[in-house]
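These notes concern the structure reproduced below.
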Amino acid sequence: ARSEAVDGRYAAATAHATEGLRLARETGQQNSVCHLLASLALIAALQGRADECRSHAGQALELAAARGLGYQSALAEWALARLDLGLGRPEEALARLAGLAAAGPGHSHPFVKLVSTPELVEAAVRAGHASTAQSALIEFERFARESQPQWALALVARCRGLLSAGEAAERHFLEALRRHGESARPFDWARTELCFGEYMRRDGR
């Protein structure tokens, strides 16, 4: 389901996560129930299905808190932050993601902190907190440069575009789009196109 969501196949992702959730509930696997609820929240956030995202995330957070499940809790918070960002509420998204970055074991997870960094950077820039965005990007940029996945390098370039101005911003956005073309993450690509389009509009183009 998560792989399908990354590839933009939301109907299949929802179907598989829903089936997994049914099986997990039938067999009493509560950690998996929590994980699948959080995954469904993420899928709903990517599609802008606000009520469904909040419902799934709320259930996941309640179960995660009761069982000390940091990874599942982090996924649910990331889903709510992505929903806030998509709905044009960067301050709310930033508060969630900053809380996620600061939370300890049982409430967050290092991997989710890392992969949610591009949303934190975008939320911080949109909310007028460029210094927060710059600080947050350091670890993600190190990860991208060392491991070299095209999707991560594309997101680093997008973040740099958001944090730059003039020709530098355009250069970073164009690099991001080139790298997106070499990976299979259509949502990330579309989000970069949106950010670049907003930049060009502000520049009178």
Side-chain angles (χ1 to χ4, degrees), residues 2 5-10 13 41-50 53 74-75 77-101 111-145 147-205:
R2 292 289 301 282
V6 166
D7 289 344
R9 294 179 285 145
Y10 302 123
L42 275 166
I43 296 165
L46 292 174
Q47 294 186 285
R49 293 186 275 117
C53 175
L75 286 178
E77 288 287 1
W78 186 24
L80 292 169
R82 295 186 92 166
L83 179 67
D84 283 333
L85 194 56
L87 293 174
R89 298 191 305 217
E91 290 281 4
E92 290 86 344
L94 178 59
R96 284 192 185 280
L97 292 167
L100 179 63
F111 177 73
V112 183
K113 289 181 186 180
L114 181 69
V115 296
S116 64
T117 299
E119 281 83 22
L120 194 159
V121 169
E122 183 179 345
V125 169
R126 291 182 184 278
H129 301 288
S131 60
T132 299
Q134 291 275 14
S135 298
L137 185 56
I138 294 172
E139 185 178 352
F140 185 79
E141 189 165 23
R142 184 183 303 118
F143 155 74
R145 300 301 179 199
S147 56
Q148 295 285 308
Q150 288 300 317
W151 66 266
L153 291 168
L155 292 176
V156 167
R158 178 214 288 169
C159 291
R160 286 295 171 202
L162 287 166
L163 285 163
S164 302
E167 291 183 2
E170 183 164 349
R171 185 173 66 252
H172 288 306
F173 282 128
L174 289 173
E175 178 190 351
L177 292 174
R178 177 178 60 80
R179 292 188 183 278
H180 281 308
E182 299 174 13
S183 65
R185 293 179 175 235
F187 183 90
D188 288 343
W189 193 343
R191 191 82 196 174
T192 295
E193 288 182 325
L194 172 65
C195 293
F196 188 26
E198 289 173 337
Y199 158 77
M200 289 194 293
R201 182 191 62 199
R202 289 192 301 271
D203 199 42
R205 292 182 286 159

Self-check item: Verdict with supporting geometry, F143 and V115, side chain to side chain contact (heavy atoms under 4.5 Å, CB included)
Solution: CA-CA 10 Å; F143 155 74; V115 296; 5.7 Å; no

Which pair of heavy atoms, one from [X] and one from [Y], lies closest together, and at what distance?
| X | Y | result |
| --- | --- | --- |
| A5 | A13 | N-CB, 3.7 Å |
| A41 | C53 | O-SG, 3.4 Å |
| A93 | A81 | CB-O, 3.5 Å |
| P90 | A127 | CB-N, 4.1 Å |

Practice problem: Classify the angle between the aromatic ring planes of Y199 and F196 as parallel (below 30°), tilted (30 to 60°) or perpendicular (above 60°). | Solution: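 Answer is parallel, since the angle falls under 30°.
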
Practice problem: Could you label the plane-to-plane angle of the W189 and H180 rings as parallel, tilted or perpendicular, counting under 30° as parallel and over 60° as perpendicular? | Solution: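 Ring orientation of W189 relative to H180: parallel.
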
Practice problem: In sequence, state the C-alpha distance, the side-chain angles, and the governing distance for L85 and R126, and then conclude on side chain to side chain contact (heavy atoms under 4.5 Å, CB included). | Solution: CA-CA 9 Å; L85 194 56; R126 291 182 184 278; 4.2 Å; yes

Identified side chain to side chain contact (heavy atoms under 4.5 Å, CB included) partner of [X] from the options [options]:
| X | options | result |
| --- | --- | --- |
| L42 | L83, L75, V6 | L75 |
| R179 | L155, L153, D188 | L153 |
| R158 | E193, H172, R191 | R191 |

Taking [X] for its side chain and [Y] for its backbone only, find out whether a donor-acceptor pair lies under 3.5 Å.
| X | Y | result |
| --- | --- | --- |
| S164 | G161 | no |
| S135 | T132 | no |
| Q148 | R145 | yes |

Quiz item: Got more than 12 heavy atoms from elsewhere within 6.0 Å of CD, E139?
Solution: no

Quiz item: Any salt bridge between E175 and R171, counting N to O under 4.0 Å?
Solution: no

Quiz item: In Å, rounded to the nearest 0.5 Å, how long is the span from CG of L162 to CD of E122?
Solution: 6.0 Å

Quiz item: When rounded to the nearest 0.5 angstrom, what is the spacing between CZ in R96 and CZ in R82?
Solution: 14.5 Å

Quiz item: How would you list, by chain and number, every residue that makes a side-chain hydrogen bond (donor to acceptor under 3.5 Å, both in side chains) with R185, sequence neighbours excluded?
Solution: none

